[in-house]
Student: 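The structure under discussion is supplied below as structure tokens; questions concerning it will follow.
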Amino acid sequence: MLDIRLLREQPDFVKTRLQSRGASFDATVDEVLACDSGRRAAETRLQTLQAERNKLSREIGRLRAQKQDTAEIEAQVKSKAAEMQALAEESSAFEARQRDLLLTLPNLPQSTVPEGREAADNPVVRVWGEKPALENPQDHLAIAGRLKLLDFDRGAKISGSAFVCYTGQGARLERALVNFLLDLHTREHGYTEVLPPFVVKLESLIGTAQLPKFADQQYRCADDDLYLIPTAEVPVTNLHREEILPLSALPIKYAAYTPCFRREAGSAGLGTRGLIRMHQFDKVELVKVCTPENSAAELESLTADAEKVLQILGLHYRVVELCTGDLGFGSARTYDIEVWSPGQQAYLEVSSCSNFEDFQARRMNLRFKGEDGKNRFCHTLNGSGTALARLYVALLETGLQPDGTIVLPPALHDYFGATKIS
RNA sequence: GGUGAGGUGGCUGAGUGGUCGAAAGCAGCGCUUUGCUAAAGCGCCGUACCCCCAAAAGGGUACCGAGGGUUCGAAUCCCUCCCUCACCGCCA
């Protein structure tokens with residue numbers, strides 16, 4: 001959520017930055033400002049009346065103690081009741097409308113974010129490793145089918161399309177990856193492991209900005225009004241919602257494994273064969289809460305922590321920076337890490353590392369106490385460290401041997417319990 | 001799910017209709033005194049918003065789990081909900 005003061009003081013700046021995303025939000029900004037001034041006018045008048053009422057009420061108390069008649073003053077107070085009621089309703093209506101509108105405004109891209117309209121405009125920031133030289137690259141579907149690692153048919157039978165069942169060595173590899181990732185980030189990179197609930201309340205989704213805009217992407221348990229998490233970002237970032245953290249607690253760094261549930265409404269059939277886009281997938285997520293002064297540096301180290309995964313596994317990847325038109329709703333700056341898929345001859349996004357600045361913190365009222373004792377909004381960041389399904393694809397396709405077996409990177413041998421899949 | 005108890009400021013904890021944003025204690029900050037690694041005295045010490053304003057200061061409103069209601073006036077009375085604890089029931 002954007003700062004109402006910023007909108008008030010620099011509306012044109014806000015409009016211009018929002019326009020860089022490729023759409024105009026001028027009308028929304030203008031309506032927010034209209035609500036803001038309407039609210040304040042009503043509030044000022046209301047508070048004046050309340051002050052009068054309080055004064056007279058105290059007077060009544062005093063007079064009654066002296067056994068004096070107060071009927072006249074009581075009538076005076078009563079005569080204002082209707083106006084006060086109306087003003088209170090007016091004020092809260094403006095406030096609610098203003099909040100609803102603010103929740104639909106995306107974050108402002110940082111000034112350094114490259115201008116662009118779509119994913120094709122994202123500049124490549126760096127490349128690590130090289131495309132492996134494979135004689136007969138194969139698609140992960142072919143590999144997994146032959147080695148009986150994944151059962152898509154039965155996944156669809158029990159849960160519907162875009163659900164998969166990992167089987168045998170396939171299931172074991174997934175578990176090995178989860179353990180490897182959590183150990184790496186907690187032991188080497190200083191993150192604290194958390195295992196959060198997999199369903200959350202509406203407020204949590206609003207807090208991290210999945211709602212209200214992306215309501216059609218969420219699985220919802222209607223009877224209990226709970227939502228399946230689309231990413232661990234939601235429960236983990238919301239852990240400290242409505243808290244005021246001591247400065248000494250920052251930065252907070254969490255690593256969490258969770259399954260992620262996404263309806264993916266409207267994206268069926270679009271380069272989505274196999275594991276690439278599922279309704280349920282595993283992910284290890286990295287979340288940081290820090291001070292505004294440190295968030296830029298924390299984004300760099302967060303991205304480096306995620307990249308380390310691919311480096312250790314020896315997987316070729318590149319890092320792109322999202323341009324203004326491709327930037328996520330709540331993000332002020334984002335790096336995507338894309339791993340090379342020999343089977344698809346394409347880069348697959350395995351991590352998206354974003355700095356939300358105070359956008360999420362405002363929504364969830366997450367603050368810290370500054371050195372001067374003043375409460376300030378935290379900055380929040382997150383990035384996948386990494387998504388498992390696409391990492392899995394890259395591992396199978398990159399490790400493919402001429403004899404059809406899969407050689408695994410040394411870092412996974414102990415976790416997996418073998419050096420290769422055959 | 002049932003019954004009972006309870007949710008007050010960073011913490012402990014008073015407060016059952018009027019001068020309570022809320023006693024007292026602890027913690028914290030500042031000053032003073034004595035001195036020695038502590039003690040005593042005094043003062044300050046919640047949050048959000050509105051008005052004023054260059055800013056500071058100042059004035060005001062709201063907040064005692066959340067939301068409604070009664071009343072001239074609610075931390076205090078009534079209703080609904082949430083959460084915590086205890087016991088019971090059910091259950092991986």
Side-chain angles (χ1 to χ4, degrees), chain A residues 1-10 32-103 195-207 221-228 235 238-250 252 258-259 358 360-378:
Chain A
M1 190 158 67
L2 298 176
D3 184 357
I4 182 62
R5 289 192 194 88
L6 182 65
L7 269 73
R8 235 182 253 159
E9 289 159 17
Q10 302 185 55
V32 167
L33 291 173
C35 287
D36 183 51
S37 58
R39 187 199 101 242
R40 287 195 286 163
E43 212 163 278
T44 302
R45 173 74 184 140
L46 173 64
Q47 292 185 355
T48 306
L49 291 177
Q50 285 173 324
E52 281 172 23
R53 180 202 63 194
N54 290 347
K55 206 171 143 199
L56 290 173
S57 290
R58 255 175 257 131
E59 183 71 7
I60 291 168
R62 230 175 27 118
L63 290 174
R64 283 205 182 167
Q66 298 168 8
K67 308 259 196 253
Q68 297 191 31
D69 180 63
T70 58
E72 192 180 325
I73 307 183
E74 281 179 40
Q76 201 180 329
V77 177
K78 260 185 170 166
S79 69
K80 302 281 188 190
E83 188 185 356
M84 289 177 65
Q85 169 96 18
L87 284 168
E89 281 168 16
E90 187 183 337
S91 161
S92 59
F94 273 129
E95 191 174 8
R97 176 68 181 153
Q98 176 181 319
R99 180 176 166 80
D100 285 348
L101 289 167
L102 278 176
L103 287 177
L195 182 59
F198 298 164
V199 295
V200 291
K201 298 197 278 190
L202 176 78
E203 298 92 284
S204 297
L205 283 159
I206 290 175
C221 309
D223 284 348
D224 303 292
D225 205 16
L226 290 171
Y227 295 79
L228 269 60
N238 276 284
L239 281 175
H240 298 289
R241 66 176 299 123
E242 277 156 46
E243 291 185 20
I244 300 174
L245 301 165
L247 188 57
S248 60
L250 303 178
I252 290 173
T258 70
D358 61 9
Q360 294 179 325
R362 282 182 190 285
R363 289 173 163 242
M364 62 179 78
N365 204 19
L366 166 57
R367 294 171 294 173
F368 71 98
K369 200 162 274 293
E371 274 174 330
D372 57 359
K374 289 263 176 25
N375 298 332
R376 302 170 63 198
F377 287 107
C378 299

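Numbers restart at 1 for each chain; the letters A, B, ... are given by sequence-line order, proteins then strands. Being a predicted model, the structure only gives us computed values, none of them experimental.
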Student: If you assign each of A:R40 and A:N54 to its closest nucleotide in RNA chain B, which residue comes earlier from the 5' end?
Tutor: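 The 5'-side residue here is A:R40.
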Student: When you look at A:R39 and A:E43, which way does the salt bridge (charged side-chain N to carboxylate O under 4.0 Å, His left out) test go after all the steps?
Tutor: CA-CA 6 Å; A:R39 187 199 101 242; A:E43 212 163 278; 3.4 Å; yes
Student: 5' to 3' on RNA chain B, which nucleotides open and close the contacts with chain A (atom under 4.0 Å from a heavy atom)?
Tutor: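 Boundary nucleotides touching chain A, in 5' to 3' order, are B:G18 to B:G73.
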Student: Look through every strand shown and name the nucleotide pairing with B:C42 as Watson-Crick or G-U wobble, where both distances are under 3.5 Å.
Tutor: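 Here B:C42 is engaged in a pair, and the nucleotide opposite it is B:G30.
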Student: Compare all side-chain heavy atoms of A:L101 with those of A:Q98 and state whether any distance is below 4.5 angstrom.
Tutor: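 The answer is no; the side chains never approach within 4.5 Å.
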Student: Under 4.0 Å between any heavy atoms, over every strand shown, what does A:I73 touch: base, sugar-phosphate, or nothing? Just pick one.
Tutor: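 Touches nothing.
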Student: When the C1' atoms of B:U61 and B:C81 are considered, how many whole Å apart are they?
Tutor: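 Pairwise C1' distance, B:U61 against B:C81, rounds to 27 Å.
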Student: For A:R5, answer base if it contacts any base atom (sugar-phosphate contacts may also be present), sugar-phosphate if it contacts only those atoms, and nothing otherwise; contact means non-hydrogen atoms under 4.0 Å.
Tutor: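 Counting heavy atoms under 4.0 Å across all strands, the contact made by A:R5 is with sugar-phosphate only.
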Student: Can you tell whether the side chains of A:R62 and A:E59 come within less than 4.0 Å, N to carboxylate O?
Tutor: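 So A:R62 pairs with A:E59 through a salt bridge.
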Student: So what's B:A62 paired with, Watson-Crick or G-U wobble, going by both distances under 3.5 Å?
Tutor: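 B:A62 is paired, partner B:U47.
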Student: Determine the interatomic distance between C1' on B:G21 and the same-named atom on B:G46; round to the nearest Å.
Tutor: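 My reading of the C1' atoms in B:G21 and B:G46 gives 9 Å.
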Student: With both distances kept under 3.5 Å, what pairs with B:C36, Watson-Crick or G-U wobble?
Tutor: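 Base-paired to nothing in any strand shown.
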Student: Do A:M84 and A:L46 come close enough that some side-chain heavy atom pair is under 4.5 Å?
Tutor: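 The answer is yes, as the side chains (C-beta and beyond) meet within the 4.5 Å cut-off.
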Student: Would you measure the distance from the C1' atom in B:G17 across to the matching atom in B:G10 and give it in whole Å?
Tutor: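 Going atom to atom, C1' in each nucleotide, I get 30 Å.
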Student: Any non-hydrogen side-chain atom of A:L366 less than 4.5 Å from a side-chain atom of A:Q360?
Tutor: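 The answer is no; the side chains never approach within 4.5 Å.
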Student: With a 3.5 angstrom cut-off on both distances, give the Watson-Crick or G-U wobble partner of B:C53, or none if there isn't one.
Tutor: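 B:C53 is unpaired by these criteria.
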Student: Do the side-chain N and O atoms of A:Q76 and A:E72 include a donor-acceptor pair separated by under 3.5 angstrom?
Tutor: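 Their side chains do not contain a donor-acceptor pair, so the 3.5 Å distance test is not met.
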Student: Among residues at least two apart in sequence or on other chains, which ones pass side-chain contact (heavy atoms from CB on, under 4.5 Å) with A:T258?
Tutor: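 Here the qualifying residues are A:P196, A:F198, A:I229, A:A232, A:C260.
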Student: According to the Watson-Crick and G-U wobble definitions, with both distances under 3.5 Å, which nucleotide is paired to B:U76?
Tutor: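 When the pairing criteria are applied, nothing turns out to pair with B:U76, so the answer is none.
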Student: Pairing check on B:G6: which nucleotide meets the Watson-Crick or G-U wobble criteria with it, both distances under 3.5 Å?
Tutor: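 Base partner found: B:C83.
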Student: What interatomic distance, in whole Å, is found between C1' of B:U33 and the corresponding atom of B:C85?
Tutor: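 The answer is 48 Å between these two C1' atoms.
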Student: Between B:U37 and B:C42, how many Å separate the two P atoms, rounded to a whole number?
Tutor: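 That atom pair is separated by 24 Å.
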Student: Which one is paired to B:G21, where only Watson-Crick or G-U wobble pairs with both distances under 3.5 angstrom count?
Tutor: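 When the pairing criteria are applied, nothing turns out to pair with B:G21, so the answer is none.
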Student: For B:G1, give its Watson-Crick or G-U wobble partner with both distances under 3.5 Å, or none.
Tutor: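 Pair assignment: B:G1 / B:C88.
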Student: Which value, in whole Å, describes the distance between the P atoms of nucleotides B:A66 and B:C82?
Tutor: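 Pairwise P distance, B:A66 against B:C82, rounds to 15 Å.
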Student: Quote, to the nearest angstrom, the C1' distance that separates B:A56 from B:A14.
Tutor: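 It works out to 37 Å between them.
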Student: How far, in whole Å, is B:C45 from B:A27 if one measures between their C1' atoms?
Tutor: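 Result for the C1' pair: 11 Å, nearest Å.
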Student: Please determine which of A:D100, A:I4, A:L2 meets the side chain to side chain contact (heavy atoms under 4.5 Å, CB included) test together with A:V32.
Tutor: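 Result: among A:D100, A:I4, A:L2, A:I4 is the only option passing the side chain to side chain contact (heavy atoms under 4.5 Å, CB included) with A:V32.
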Student: Take A:K369 and A:D36, find for each the nucleotide of RNA chain B with the closest heavy atom, and name the residue whose nucleotide sits nearer the 5' end.
Tutor: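 Mapping each residue to its closest nucleotide by heavy atoms, the 5'-most match is A:K369.
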Student: When we call it a touch if two heavy atoms are under 4.0 Å apart, what does A:R64 touch: a base, just sugar-phosphate, or nothing?
Tutor: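 Base: the residue A:R64, judged by heavy atoms under 4.0 Å, touches a nucleobase.
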